[in-house]
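To find a chain, count down the sequence lines: A is the first, B the second, and so on, and within it residues start at 1.
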Amino acid sequence: MNRYVLKLYVTGQTARSQRAIEQLKAICESELNQHYEMVVIDVLERPQLAEDERILATPTVVKELPPPIRRIIGDLSDIERVLLGLDLLTHTRVGGHDPA
Amino acid sequence: MTLAIEKMRSEIPGFDHVAHGGLPRGRTTLISGTAGSAKTVFAAQFLSAGIDLADEHGVFVTFEEAPGDLRQNMLGLGWDIRKWESEGRWAFVDASPQPGEPPVLTGGYDLGALLARIEHAIHRIGATRIVLDSVGGMLAQLPDTATVRHELFRIALALKGMGVTSLITAERLGEDGPIARFGVEEFVADNVIILRNHLEQESRRRTVEILKFRGTDHQKGECPFTIIPGEGIVVIPLSAIELKQRSSDRRVTSGNNDLDAMCGGGFFRDSIILVSGPTGTGKTLITTGFIAGGADRGERCLLLAFEESREQLVRNASGWGIDYERMEAEGKLKVVCAYPEAASLEDHLIWIKKLIDEHRPDRVAVDSLSALERVASLKSFREFAIGLTSFIKHREIPGLFTATTSTLLGGSSITETHISTTTDSIILLRYVEMYGEMRRGLAVLKMRGSHHDKEIREFTIDGRGMHIGQAFRNIFGILSGNFTRVSPGELERLDELFRDDDGPGI
């Protein structure tokens, strides 16, 4: 299985940050079975990292590996879309952009 | 009692005058305009002028153009952003669209990362000015308009909390209607500036209007502006010089003793003189006399010509015994010829002002002002004429303008109609038809603050110039062009005018 490198950018210790962290952990555990590395970055502490990665929104997950690089915005509550963003839902090729 | 809102000088030329001192300090101002209305230039100049003229550092948050493009584009306006970045005086927060797949939305989010980056950049370089360009670019990148609007409001509040003065640009769909798309004025409603780019009679006319500054004052209405390569935006305030000039009672010569006498002893030193008449009546001659009269008394003169080439002007003047080239060699005169069509009126105004500032003349002549009528709309022309006359008046030097009337007999010109109230003196030149012969008549129509000769006098032109003679006593309606020659008491004199004994009896 491909090794996953996921970076999660959050703003401070808010309820939304906590929810995103727990949600991503749960998804990784169930779907990626140890083949992953997850880094949580608080943009209040490391703004330069957010600048370098040009992050606008929090929470944002950046899937750095495997390629292609993908970005997932939001608190990860819509699990199906998270899987889609991580390229784990290969059977439905739907565009990633939600026009809502 | 609350403290009055302080203004921060934007240092954008002319704007601070219109804004009564500048932008509200520590507040957010919305700059709204259609595509191509120079919002980004205005915003970037707010930062560059701050760096250049006020030693204030700035952060540019870009949602549309990539920093690389901005650096390159602004170089053409003379702003070396890369240098300022290396000196820690300018910082970009790059929020421009990234290549690749658009992000997947999986739930609620905020713009905490953007705000953290902005705060980081502000603290890193000690910025006091910040620009967000533009709201539309931000909305295009992120789903859920309601969230983005709410977050922008939060960012605006945070910026206020940091005490920085900020500009946010937003798109408009048309020159009329809502202030901006997406209802952005709802969250940055305190201060709104609108930039416009009108198409008027086939020429572009840019204007800036301060719609509101909450809690503080500013000029109302639109002001034209132009963008000069190597300099940027220059706003042209219409009421730049309020009518507060001291009136001088010092007189200067018109260059013609008879005309001086008719004006009660010459022109006032700080006056605007309009010489109006149909083609060929002698306007250029009066201009030439005005220049020579000044140069003879050791004054520095500036002649702006919009109708004739340099060679023609020099030849005309030498025909009356006046040597422009020698005067120029002696530094007493500068002759500048320009095609009216070569630039917009706003640009003409700016180079003329610059020229006057550099050359520092003691008198200025413009021959002719009416040649500029045709290159712009009436409104632009009026603004130009007012802008130029008030600028010259402010320098406390006399300015002589000529205007060509459209008809040979009587009539008036657009120039006359629109600048007559801002002029101090008006001299009318008219053809007078007398029994099949064209004569020339001159009248001093207006001479502010002085008595003057009220008669319409005949004048002749020869190789030595202009000679003003007697008044036309036997003819009425010269100004209107509808002559009436009946004057019983003058019959005998009239008869003498005609050698032909069979001439018409009156």
Side-chain angles (χ1 to χ4, degrees), chain A residues 7-17 19-20 23-24 27 41-63 67-89 93-100, chain B residues 59-68 85 91-125 127 132 134-135 137-152 154-155 158 162:
Chain A
K7 286 192 177 153
L8 173 61
Y9 293 83
V10 294
T11 308
Q13 305 296 314
T14 62
R16 179 178 274 158
S17 303
R19 197 156 59 235
Q23 192 79 353
L24 186 61
I27 293 169
I41 296 157
D42 184 345
V43 297
L44 296 183
E45 290 170 11
R46 312 289 300 276
Q48 190 59 47
L49 287 182
E51 181 62 45
D52 296 343
E53 274 302 311
R54 293 162 64 182
I55 306 294
L56 293 184
T58 46
T60 290
V61 177
V62 179
K63 175 181 73 93
I69 293 175
R70 275 188 183 278
R71 289 171 175 239
I72 300 165
I73 288 175
D75 60 13
L76 310 175
S77 54
D78 185 339
I79 292 175
E80 193 156 320
R81 292 190 65 81
V82 178
L83 297 176
L84 189 81
L86 295 175
D87 291 321
L88 292 167
L89 269 189
R93 296 309 306 169
V94 195
H97 185 63
D98 185 343
Chain B
V59 170
F60 196 107
V61 186
T62 176
F63 296 99
E64 273 177 7
E65 290 179 78
E85 283 178 287
F92 275 113
V93 171
D94 182 5
S96 61
Q98 299 183 52
E101 297 265 335
V104 178
L105 184 68
T106 65
Y109 68 95
D110 54 48
L111 294 180
L114 176 65
L115 181 55
R117 289 167 62 190
I118 294 173
E119 287 178 338
H120 176 60
I122 289 172
H123 290 138
R124 187 165 61 83
I125 65 166
L132 278 75
S134 69
V135 173
M138 181 187 233
L139 284 163
Q141 287 185 57
L142 290 163
D144 189 3
T145 307
T147 301
V148 177
R149 282 172 49 177
H150 176 263
E151 288 296 302
L152 263 180
R154 203 162 67 94
I155 290 172
M162 285 184 272

Taking the side chain as C-beta and beyond, is there a heavy-atom pair between B/Ser96 and A/Arg54 under 4.5 Å? yes

Closest contact, heavy atoms only, A/Ala57 versus B/Ala113: O-CB, 4.1 Å

With rounding to the nearest 0.5 angstrom, report the CD to CG distance, A/Glu51 to B/Asp94. 7.0 Å

Please enumerate all residues that pass salt bridge (Lys or Arg N to Asp or Glu O under 4.0 Å) together with B/Arg154, with sequence neighbours excluded. B/Glu151

With side chains defined as the heavy atoms from C-beta onward, is the minimum distance between B/Arg117 and A/Leu56 less than 4.5 Å? yes

May I ask you to check whether A/Thr58 and B/Asp110 show a side-chain donor-acceptor distance below 3.5 Å? yes

Given the options A/Val43, A/Asp75, A/Val10, A/Ile69, which has more heavy-atom pairs under 4.5 Å with chain B than any of the others? A/Asp75

So what's closer than 4.5 Å to chain B heavy atoms on A/Gln23: side chain, backbone, both or neither? neither

Note: A/Leu44 and B/Ala116 closest approach over all heavy atoms is CD2-CB, 4.1 Å

What is the minimum heavy-atom distance between B/Gly107 and A/Ser77, and which atoms define it? CA-OG, 3.8 Å

What are the two closest heavy atoms between B/Gly108 and A/Pro59, and how far apart are they? O-CD, 4.0 Å

Sub-4.5 Å side-chain heavy-atom contact between B/Leu105 and A/Asp78: no

Which pair of heavy atoms, one from B/Gln98 and one from A/Glu53, lies closest together, and at what distance? NE2-O, 4.0 Å

Heavy-atom distance under 4.5 Å to chain B: side chain of A/Thr11, backbone, both or neither? side chain

Taking B/Thr106 for the side chain and A/Ile73 for the main chain, is one N or O donor matched with an acceptor at less than 3.5 Å? yes

